[in-house]
**Q** 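What follows is a structure written as structure tokens; I'll ask about it next.
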Amino acid sequence: NRARMTPRERVIRALKRREPDKVPTCSRFTPWMMRTFNERVGAGIPEQYLTDSAIPSGFIHEVRPSFLTPDEYFGWEVRHVSFAPPQRVADFSAYLPDLPPGSAISEWGVAYVPGSLHHYKKSIPPLKGMTSVDELRNYPFPNPMEPQRHRRLDDMVAQVHEDQLAAAGFLQQTLFELAWEMRGMEELFLDFSLNKPFASYLLDRLTEIRCQMAARYAEAGVDILRLGDDLGTQETLMMSPETWREMLMPRLRQVIEAARKQNPEIIIFFHTDGFVQPIIEDFIDIGIDVLNPIQPECMDLAFLKREYGDRLSFWGGVGIQKTMPFGTVAEVREAVRWTIDTLGAGGGLLIAPTHTLMPDVPWENVVAFFEAVDEFGWYAAPS
């Protein structure tokens, strides 16, 4: 008989580490899986939700399709808003000679060529051949703060809130990933040791732009600022904690502070795949509220809840390396139940697969995931 929370209320309450009525959930589908969704559910999704020209990864954004109500287990409880793509991308031909056919170039000058499997793409870095800061100063960095790029943000957030969903501003590939896509991963790591002025200038320019975007998202009223840079491998960090603390941590703090200056209550989400346990205290120190995706194949979820659950919320938790593609329906259901019991105690959990659902995930497991959240995700009463 208790009153249901709206999806927005549920998400905000959970991520602020208070028990909602139910554990919130969402998922991301590859275009392949979205087609399966459409075939099985019997309704279509507008084409604009399948890709985003500003984010050429092929991932869709979390949306609640208009033909589903928030109470249906295929619903999403978070919707992204974003800056509009540029009307015209700068000429990067001097930095990207001899591109293969079918290439696409982002506003940052990164070229993407089709990969060999599904939606995957290979990136070509435009800054790979540079050696000096003087060259980098002349590079045509984009300006997302052009008025036409963000003039609709306020209306977009208002519409998401009218739909009673949580609004998330999207700035994934915040600093490190964007820097290495522009420079090349090997070259950027060499810069960290052998050419710090170059790496510092590149990261400072990206930080300046990201701070402006973060502040604008906060001003527009998003509930969640979604940041992210993959820093972990399956078993270790991609760099030493000292390198992270010198090159990336202070700059990420600036981005978060820019948002919090506009809205002290904004929820800061950070995505980073893999094993990142040695720097989780750093995440908390710079103001991150929510850690994603919490891969059970890489970290001990029970330990994370015990050690950090009073200061950090968790988004994800159900593995896409093993459970979702290779588990039985019963194993998926058990993983959902265990994750809710472990990470969701007292609030602090938005349960989700730990990454985009790939074509190798059986449809029955997708159904089992959402049905299990609906069955096991209810709290006794909001606290």
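Both backbone and side-chain heavy atoms feed into the values below; hydrogens, waters and symmetry mates do not. Nothing here was measured: the structure is a model prediction, and the numbers come from that model.
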**Q** How far does CG of L312 sit from CD1 of I288, to the nearest 0.5 angstrom?
**A** 8.0 Å

**Q** Can you say whether the rings of F269 and W315 are parallel (under 30°), tilted (30 to 60°) or perpendicular (over 60°)?
**A** perpendicular

**Q** Using atom types as modelled and distance alone, determine if a side-chain donor or acceptor of R10 lies under 3.5 Å from a backbone N or O of P24.
**A** no

**Q** Less than 4.5 Å apart, side chain to side chain, heavy atoms only: is that true for Y95 and M182?
**A** no

**Q** Would you give the length of the straight line joining atom CE of M239 to atom CG of L188, rounded to the nearest 0.5 angstrom?
**A** 8.0 Å

**Q** Assess R205 against Y139: is NZ or CZ under 6.0 Å from the centre of the six-membered ring, and within 45 degrees of the ring's axis?
**A** no

**Q** If we ignore hydrogens and angles and just use 3.5 Å, is the side chain of T323 paired with the main-chain N or O of V318 as donor and acceptor?
**A** no

**Q** Can a side-chain donor-acceptor contact be found between Q159 and D163 if the only test is distance below 3.5 angstrom?
**A** yes

**Q** Taking a hydrophobic cluster as the set of Ile, Leu, Val, Met, Phe, Trp and Tyr residues connected by side-chain heavy atoms closer than 4.5 Å, whether directly or through intermediates, do F326 and V366 fall within one such cluster?
**A** no

**Q** Grouping I, L, V, M, F, W and Y whenever their side-chain heavy atoms are under 4.5 Å apart, do V255 and Y201 come out in a common cluster?
**A** yes

**Q** With the threshold set at 4.0 Å, does a side-chain nitrogen-carboxylate oxygen contact exist between D310 and R17?
**A** no

**Q** Can a donor-acceptor pair be found, under 3.5 Å and without considering hydrogens, that links the side chain of R260 to the backbone of I266?
**A** yes

**Q** Are any side-chain N or O atoms of T233 and backbone N or O atoms of M238, one a donor and one an acceptor, separated by less than 3.5 Å?
**A** no

**Q** Hey, is the main chain of M324 close enough, under 3.5 Å, to the side chain of N365 for a donor-acceptor pair?
**A** yes

**Q** How are the rings of F83 and H150 set to each other: parallel, tilted or perpendicular (split at 30° and 60°)?
**A** tilted

**Q** Between the main-chain N or O of A168 and the side-chain N or O of R226, is there a donor-acceptor pair closer than 3.5 Å?
**A** no

**Q** For the residue pair Q234 / Q321, report whether a side-chain donor-acceptor contact shorter than 3.5 Å exists.
**A** yes

**Q** Quick one about D91 and S93 (side-chain donor to acceptor, distance below 3.5 Å, no hydrogens or angles considered), yes or no?
**A** yes

**Q** Taking K22 for the side chain and G377 for the main chain, is one N or O donor matched with an acceptor at less than 3.5 Å?
**A** no

**Q** Report the relative orientation of the aromatic rings in F270 and F283; use parallel for angles under 30°, tilted for 30 to 60°, perpendicular for over 60°.
**A** tilted

**Q** Side chain of K305, backbone of A345: donor and acceptor closer than 3.5 Å?
**A** yes

**Q** Taking the side chain from Q164 and the backbone from P7, do they hold a donor-acceptor pair closer than 3.5 Å?
**A** no

**Q** Taking D223 for its side chain and A166 for its backbone only, find out whether a donor-acceptor pair lies under 3.5 Å.
**A** no

**Q** Shared ILVMFWY cluster between W363 and V329, side chains joined below 4.5 angstrom?
**A** no

**Q** Provide the full list of side-chain hydrogen bond (donor to acceptor under 3.5 Å, both in side chains) pairs with a residue in residues 275-288, sequence neighbours left out, each pair given once.
**A** W244-D282, R245-D282, R253-D285, E281-R311

**Q** Are L252 and Y308 co-members of a hydrophobic cluster defined by side-chain heavy atoms under 4.5 Å apart?
**A** yes

**Q** Less than 4.5 Å apart, any side-chain heavy atom of E107 and any of R149?
**A** yes

